[in-house]
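Along the sequence shown, residues carry numbers from 1.
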Amino acid sequence: MASVKPGQSAPKSGQYEVVGPRGGHTGKEVTLPKGHTAPPTQKPGQSYNLVDPTKNNSGK
């Protein structure tokens, strides 16, 4: 799965985990609807990985 960088649009709706530059878990998650822009992260180099896609078919 490709990661979503801050400022990019989310390809699918769901819960996205903030991950470090080397993929390390940060324990933080955000909810992003499909097409919405990912917010800035707290540290440079972090990005978002989809961990729980929305199951109501609105975000496909």
To check you understand the geometry: which heavy-atom pair defines the closest contact between [X] and [Y], and what is its length?
X: Thr41; Y: Pro6; result: CG2-CG, 3.7 Å
X: Val4; Y: Ser47; result: O-CB, 3.4 Å
X: Ala10; Y: Pro33; result: CB-O, 3.8 Å
X: Ser9; Y: Gly35; result: OG-O, 3.6 Å
X: Gly27; Y: Glu17; result: N-OE2, 4.1 Å

Handout entry: Common cluster, Leu50/Val30, ILVMFWY with side-chain heavy-atom separation under 4.5 Å
Key =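 Looking at the clustering, Val30 is in the same group as Leu50.
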Problem - Donor-acceptor under 3.5 Å (Thr37 side chain, Gly7 main chain) - result: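 No: the side chain of Thr37 does not pair with the backbone of Gly7.
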Exercise for the section: Look up atom OG in Ser3 and atom CD in Gln46, then write down how far apart they are to the nearest 0.5 Å. Expected result: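 Between Ser3 OG and Gln46 CD, I get 11.5 Å after rounding to 0.5 Å.
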Handout entry: Atom pair NZ/CG of Lys12 and Asp52 - distance to nearest 0.5 Å
Key =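 Answer for the NZ-CG pair, Lys12 versus Asp52, is 12.0 Å.
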Problem - Test item: Tyr48 and Val18 side chains (from C-beta on) under 4.5 Å apart, heavy atoms - result: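 Yes, their side chains come closer than 4.5 Å.
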Problem - Check: Leu32 and Pro39 side chains under 4.5 Å, non-hydrogen atoms - result: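 Yes, at least one pair of side-chain atoms sits under 4.5 Å.
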Problem - Listed partners of Lys28 passing side-chain hydrogen bond (donor to acceptor under 3.5 Å, both in side chains), at least two apart - result: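 Here the qualifying residues are Gln42.
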